[in-house]
Peer 1: 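Just passing along the structure, written as structure tokens.
The first residue of the sequence shown is numbered 1, and numbering continues consecutively from there. Atoms within each ligand, like the ligands themselves, are counted from 1 in listed order.
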Amino acid sequence: MGEMKTMDEEWELRFGDALVEGGVITAAELERALAASERTGKRLRSILMGERGLSEHDIMRNLSQSTGLPLIHLEPGMMDERAKAAFPVSMTRKYNVLPLRFEGDELVVAADLPLDIAVLESLAFTSGHPIQQVLAGREEIAAIIGAASGGDRLEEWMGEWEDELLEYVDRNREVEQAGVEEFEVKEGDVVKLVNLLITRAIKMDASDIHIEPEEGFSRIRMRVDGQLREIVKVPDELHKGMVSRLKVLSELDIAERRLPHDGSFFVHFQGRDIDLRTSTSPTIYGESVSLRLLDQGKAAVRLEDLGMEPEDLARTAEALEAPHGFVLSTGPTGCGKTTTMYAMINGISTPEMKIVTIEDPVEYRLDLVNQIPVNHAIGLGFARILRSVLRQDPNVILVGEIRDMETASVAVQAALTGHLLLSTLHTNNAPETLLRLVEMGIEAYYVREVVRLVIAQRLVRLLCPECKEKYSADAREREELGEPADGDTVLFRARGCDACAFTGYRGRSGVFEVMPMSEELKEMMTTDVPMRVIKEKAVEQGMRTMWRNAVSKVREGRTSLEEIRRLIPREG
Ligand SMILES: [Zn+2]
């Protein structure tokens, strides 16, 4: 197919060749391992380590013996300052090599495989010193490179990224030509930088890009798996150009820098359609920009893919089959409620169903669904839209959020009169939810009548499969997991490698608490019964708490105990 090889794939090939040359494996064994890697998608190194029973240390020791290069163990702080400056970070990253120290005129460089002549020459040329090579483990080198460069220098960062084809999708307008003369820096730099930011964010699955001016420079950060990561710092001169470019793309007034603006634009990249929502605000150092990335492919999300346990999935599906009533999702901002709502809609959507959503704002476009955005500027809130929607005879209505008495009361009316209502509330757990509706002023009687199911949720990060680390849980940890204190429990924890930007985690999964409403529970929840008692009752009736569901994910090695401690409320 002639696909481009990634840096990792190239490394694997060079690594394989070095092993053959060093006599660690035969050429035939390499062939077989490469074929297995192609077939299974596993890395060459894991195949050699797994199937041939070689540890990384074995491999490195063999390489060291066969090549005569000394093998060293790297520790943080081993890189001296003068050596560190010998060549740029981009080069360190490209070849996974680390300049360590000078010995006389020679620069000692650690690498994870014998470097070939071309690389040695290029390192010697750049540093101006002959190179003396030593061997060290790949992870050790990568860890030190990662630690040494939180936020890269701009030119290095830009140099690493190929200018890939990013298509700005023109929704009835010519954005490319507009406003170019306003750029204060060479237009090409700015255009390239913005392209790189967007393509990198898409590849990293970032949800947001933040461009924030400070004194003399501008800091660029991205949110990945819910966590902000510093990416690069950009000089002042480029900042204004970037902001102008983004404002032009978003059809915003580039001359007005004193007021906040909201806009959007659309891009197509490597088969993905991304909607970018731009929001600017004036700060003391100039305009800051936040971009939210909405991958339209995520609109097709399915309930089965969210991380729900099978029993909970079955309970949810059952509640969605009801012709009327209320299905509520709760949790703090950013816990994945909206995605769950979309998944529910996708689960019930058919051409025979009329489904209307009222959203603030509409994030993803759904087929067969009428989506109406809230518009506060013209007084079009949830309640007012909901009233008019009811006249259109829908089967299912999604109300983005219930924030006030008026919306709550129209929504309850709708659920009572033969509509299935889906909505979200800001409460901490499932049991709190009904009481919140009562506190908003809805009669307890009505609340009990309509609510069918309450789902509480959080998002936890999943351990990076490339580097997660096995360990034996101690007595205290076993107790947290509800395991016998004297047993033997194997768990996994985060480590960090270049595949996960040294965070130890990649991707997220929902953790749920699904609470079907029995008569007894409804009775308890709309009066002042303590939360603990309600929860005990729900558990007695078969509800699996969020904590218990999270513990299952820890036991399966999908996330860490540390992660769920941080995010999931405990029982009791
Ligand atoms: Zn990793």
Peer 1: Taking only protein atoms, how many N, O or S atoms are found under 2.8 Å from the Zn ion (ligand 1)?
Peer 2: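 Of the protein's nitrogen, oxygen and sulfur atoms, 4 lie under 2.8 Å from the Zn ion (ligand 1).
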Peer 1: Looking only at side-chain N and O atoms, does Thr338 offer a donor or acceptor that is under 3.5 Å from a partner on Glu363?
Peer 2: no
Peer 1: Taking side-chain hydrogen bond (donor to acceptor under 3.5 Å, both in side chains) as the test, write out the residues that go with Arg508, two or more places apart.
Peer 2: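 Once residues adjacent in sequence are excluded, Arg508 has no partner under the side-chain hydrogen bond (donor to acceptor under 3.5 Å, both in side chains) criterion.
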Peer 1: Using every non-hydrogen atom in the two residues, find where Thr559 and Arg461 come nearest and quote the distance to one decimal.
Peer 2: OG1-O, 2.7 Å
Peer 1: Can you find a side-chain donor-acceptor pair between Thr340 and Ser329 that sits under 3.5 Å?
Peer 2: no
Peer 1: Going by distance alone, is a donor N or O of one side chain under 3.5 Å from an acceptor N or O of the other, for Glu359 and Tyr364?
Peer 2: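 Not at all, the side chains of Glu359 and Tyr364 share no donor-acceptor pair under 3.5 Å.
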Peer 1: Would you kindly say whether Tyr285 and Ser218 are connected by a side-chain donor-acceptor distance under 3.5 Å?
Peer 2: no
